[in-house]
Amino acid sequence: MAIDKAVLPVAGLGTRLLPATKSQPKEMLPVGYKPVVQYVVEEMIGQGIGKFLFVTGRKKRSIEDHFDDDPELESRVGAKDRIGEVDYDRESVEFFYVRQRRPLGNADAVRLAAEFVGGESFVVGFGDTILASAGQPGVVRRLVYDHESSGASATIAVWEVPLEETSRYGVVRPAEDGAGGAFAIDGIVEKPAAAEAPSRLAVAARYVFTPRIFEAIAATDPGVNGELWLTDAIRRLLEWGDAVRCVQLAPGERRYDIGTPLTYYRAFADFALADPHNGPAFADYLRSRL
Ligand code: UTP
């Protein structure tokens with residue numbers, strides 16, 4: 001059966017963006033016209049995902065409100081496309097919510113999705129990271145295709161980062177040549193220093209898992225910062241001899257993680273510059289300021 005479920009962990013504290021995230025979710029910060037998490041949802045709807053489970057937590061209720069219908073607002077602004085670029089009704093999209101009582105790590109958030117996925121493979125996407133695709137098929141579709149044709153337990157989107165940035169991400173060790181942009185791995189490390197990094201290929205906030213990941217999470221101990229990390233659970237899969245594969249972002253595809261002030265500024269600037277209405281005027285403004 002085609003994969004149509006996605007789990008979006010959005011329960012983190014967003015400490016690196018305080019005080020902006022003190023009482024509002026990081027995932028609701030705007031990038032241009034839309035909050036980050038709306039890009040994530042619309043990216044996935046465009047690639048065949050119809051059921052979303054948000055793993056939310058305290059102070060995250062505005063995410064639930066955001067994806068509700070709002071007939072009053074729609075009757076005021078007239079066109080629904082002023083609110084979203086996707087017709088959520090026509091696409092028969094369904095939203096589900098589960099709460100993570102304490103933000104104990106991204107693997108702890110995924111663990112809460114076991115009942116929702118019900119024995120099927122599923123997509124995971126972090127709600128604070130936009131993947132900008134140049135064309136079709138998008139990253140999630142390529143992940144799903146590789147996952148279904150390889151039978152791997154986990155399939156991970158990765159992208160190449162400068163060596164000095166490996167300490168910010170999970171980094172994979174390819175086990176074979178990545179012809180065609182997809183390859184098996186035999187290692188993965190969370191936030192390695194440049195000298196210890198097994199490659200420059202960093203995890204890009206999108207995954208496809210079989211339910212085997214829940215067994216691996218259950219067999220994983222808390223790691224860096226006392227949190228339960230997906231990277232550590234994936235390493236457990238590798239230790240068990242499960243196949244784990246990666247799909248690399250193509251040239252022209254970009255990951256925008258808005259987790260730090262600088263990455264947030266970069267994302268906002270790129271999307272504002274690409275805005276067909278205000279982008280050219282914004283570019284003039286930036287030029288005048290520089
Ligand atoms: P991050 O580690 O980037 O987010 O998690 P964070 O923990 O909110 O950020 P800092 O380090 O405090 O600044 C990636 C995604 O996983 C979610 C986050 O909400 C984010 O969208 N997450 C993280 C959870 O849902 N639960 C957790 O326990 C941790």
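For ligands, and for the atoms within them, numbers begin at 1 and follow the listed sequence.
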Charged N to carboxylate O below 4.0 Å: is that the case for [X] and [Y]?
{"X": "Arg206", "Y": "Glu43", "result": "yes"}
{"X": "Glu165", "Y": "Arg200", "result": "no"}
{"X": "Glu190", "Y": "Arg235", "result": "no"}

Protein residue, atom and distance nearest to [atom], heavy-atom basis:
{"atom": "atom 9 (O) of ligand 1", "value": "Lys26 NZ, 3.3 Å"}
{"atom": "atom 17 (C) of ligand 1", "value": "Pro9 O, 3.6 Å"}
{"atom": "atom 23 (C) of ligand 1", "value": "Gly12 CA, 3.8 Å"}
{"atom": "atom 11 (O) of ligand 1", "value": "Arg16 NE, 3.1 Å"}

**Asked** Using 30° and 60° as the class limits, which term best fits the ring planes of Phe268 and Tyr264: parallel, tilted or perpendicular?
**Response**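 It falls in the perpendicular class, over 60°.
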For ligand 1, which atoms sit closer than 4.0 Å to a heavy atom of [X]?
{"X": "Gly127", "result": "21 (O)"}
{"X": "Pro103", "result": "28 (O)"}
{"X": "Gln100", "result": "24 (C), 25 (O), 26 (N), 27 (C), 28 (O)"}
{"X": "Thr15", "result": "10 (P), 11 (O), 12 (O), 13 (O)"}

**Message:** Evaluate Leu17 for polar contact with ligand 1, using N/O atom pairs at a separation under 3.5 Å.
**Reply:**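 There is no such contact.
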**Message:** Please check whether Leu13 reaches ligand 1 - meaning an N/O of the residue sits under 3.5 Å from an N/O of the ligand, judged on distance alone.
**Reply:**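 By distance alone, the answer is yes.
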**Message:** Under 4.0 Å, counting heavy atoms only: does Leu104 come that close to any atom of ligand 1?
**Reply:**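 Per 4.0 Å heavy-atom rule, Leu104 contacts ligand 1.
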**Message:** For atom 20 (C) of ligand 1, which of the options Arg168, Lys60, Glu27 provides the nearest non-hydrogen atom?
**Reply:**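 The nearest heavy atom belongs to Glu27.
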